[in-house]
Every structure is written in C-alpha cells, then in structure tokens.
Amino acid sequence: MSVSRAVLTSRYFGLTSDHVVAQSFWVTTFVILTAIGAQIEIPSKPVPFTLQTLFVLLAGALLGPRNGFISMLVYLGIGAAGMPVFSSAGFGFAKLFGPTGGYLIAFPLAALFVGWMITKHTGYAWTLASMTLGLVIIFTLGTIQLNVVLFNDWLRAFEAGFVIFSWWDLLKLFAAAAIYQQFSRMTR
C-alpha cells in the first residue's frame, strides 16, 4: 500500500502536524523569517522600524504557545551566540543588554502569550486582541529597557520606544491577523 505524496508532505511538513520533523521545520522557518524581518528595516534612532514583530505574532499564532516561544528563544540564542540576525545585522549579548534588548527579550514572551490566547478562541476580533496584547508586551518591555539603558526619562522613552511605532505596528498587526486567519481557514 503506497502513501500519497500529499499525505507524506502534510505529515512531515504540515503546519499543524505533531510530528517532530514538521515542528522542527516550522520553528526553524520562523527563526529564519524573524531574522530576515530584522534586516528589512527603516533606520530610526534609537530603535529601527523592522518587520520582526510581524513574525513574532505569526509564530505565536501559527505555531502555538510552545513552538512559538521556542522559535523566538532559538532566534535570540543564535543572535546572542554570534549570528548576525538582529536588526542591522547585529549580534551578541550586547544587543540583548542594549537599548533595543527589551524588545528582543520580549519576543518569546509575546509569541507564548499570543499562541496561548489563540488557543482559547479563533475569531478575527479575538486574534486582533491577542496580537495587540502581544505587541503591548513587546513595547512595554522594550520601553522599560530603553528608559533604563538610554533615556532615564519615562516620557522620552515612551515616545521613542512605544508611540513612534504605533502606525507601523498597526499595519503589521492587521497583516498578521489576516495571514493567520487565512492559514487557519486552510488548515481546518
């Protein structure tokens, strides 16, 4: 009895597969996508505009809380170990302790939270709310570290680390929610 190629592909590479090969593939894929998203940037001081958060939100939503968390932890690990995966091809522990480190450190927590929230409900409004709160986690931790490391002025840190990203991250939020909804329809 032969197994069709589609069945094998779905089992070993399907987004919702519980097979270790599929899960490893998707975790690795989101590590790579996040690294690519970090290089697509609009320079801004002290924190550049990048596409990283789009992939953080999608990792949590599509991979679930555990694998979304793992993918972002691996991303941070390879960046800390010396791979140039952070914005502007940055790398090393210094990036995690510098002005943008709070955002990076928040990635696994945001993916975990978004993934957990989406396991509760799957509607579009719930997805938007879950991802919005994921962004709040990222920008809160980022703003806190930005204040501690650079500004020592909460208002300036909030303006430079949270408010300035509002319009940009609204676009990414709606894109991530739409992408997730499309994938979830295809996998039902």
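Predicted model, so just to flag it, every value in this text is computed and none were measured.
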Spell out, yes or no, whether [X] and [Y] are grouped together once hydrophobic residues are joined by side-chain heavy atoms under 4.5 Å, including indirect joins.
X	Y	answer
L128	L171	yes
L170	I179	yes
L109	V136	no
V74	I36	yes
V47	W168	yes

In the structure I gave you, are the side-chain heavy atoms of [X] and [Y] within less than 4.5 Å of one another anywhere?
X	Y	value
L104	Y75	yes
F69	L63	no
W26	T29	yes
F107	L73	no
V85	T34	no
F113	W116	yes
F30	L62	yes
L135	M131	no

Open item on the list: In terms of relative ring orientation, are F93 and F97 parallel, tilted or perpendicular, with 30° and 60° separating the classes?
Closed with: parallel
Kindly compute the distance separating [atom1] ([X]) from [atom2] ([Y]), expressed to the nearest 0.5 Å.
X	Y	atom1	atom2	result
S24	I70	OG	CD1	9.0 Å
I137	T132	CD1	OG1	11.0 Å
L76	F86	CG	CZ	5.5 Å
T143	F165	OG1	CZ	8.5 Å
L112	M72	CG	CE	12.0 Å
I144	I105	CD1	CD1	11.5 Å

Open item on the list: As a quick check of understanding, evaluate side-chain contact (heavy atoms from CB on, under 4.5 Å) for L58 and F183, giving each step before the final call.
Closed with: CA-CA 10 Å; L58 286 172; F183 267 94; over 6 Å; no
Open item on the list: I'd like to know whether W167 forms a ring pair (Phe, Tyr, Trp, His ring centres under 6.0 Å) with F49, so could you lay out the CA-CA distance, the side-chain angles of the two residues, the decisive distance to 0.1 Å, and finally the verdict.
Closed with: CA-CA 11 Å; W167 66 272; F49 295 89; 5.7 Å; yes
Say whether, by atom type as modelled, one donor and one acceptor occur between the side chain of [X] and the main chain of [Y] under 3.5 angstrom.
X	Y	result
E41	S88	yes
S184	Q181	yes
H19	V21	yes
Q145	T100	no

For [X] and [Y], which heavy atoms make the closest approach, and how far apart are they?
X	Y	value
I118	A61	CD1-CB, 3.5 Å
A160	L146	C-CD2, 4.1 Å
S71	V31	O-CG2, 3.1 Å
A106	L141	CB-CD1, 3.5 Å
A89	Q39	N-OE1, 2.9 Å
P48	P43	CB-CA, 4.4 Å

TODO: I would like to know whether Y103 and Q52 meet side chain to side chain donor-acceptor pair (under 3.5 Å); could you show each step before the answer?
DONE: CA-CA 10 Å; Y103 300 94; Q52 289 166 295; over 6 Å; no
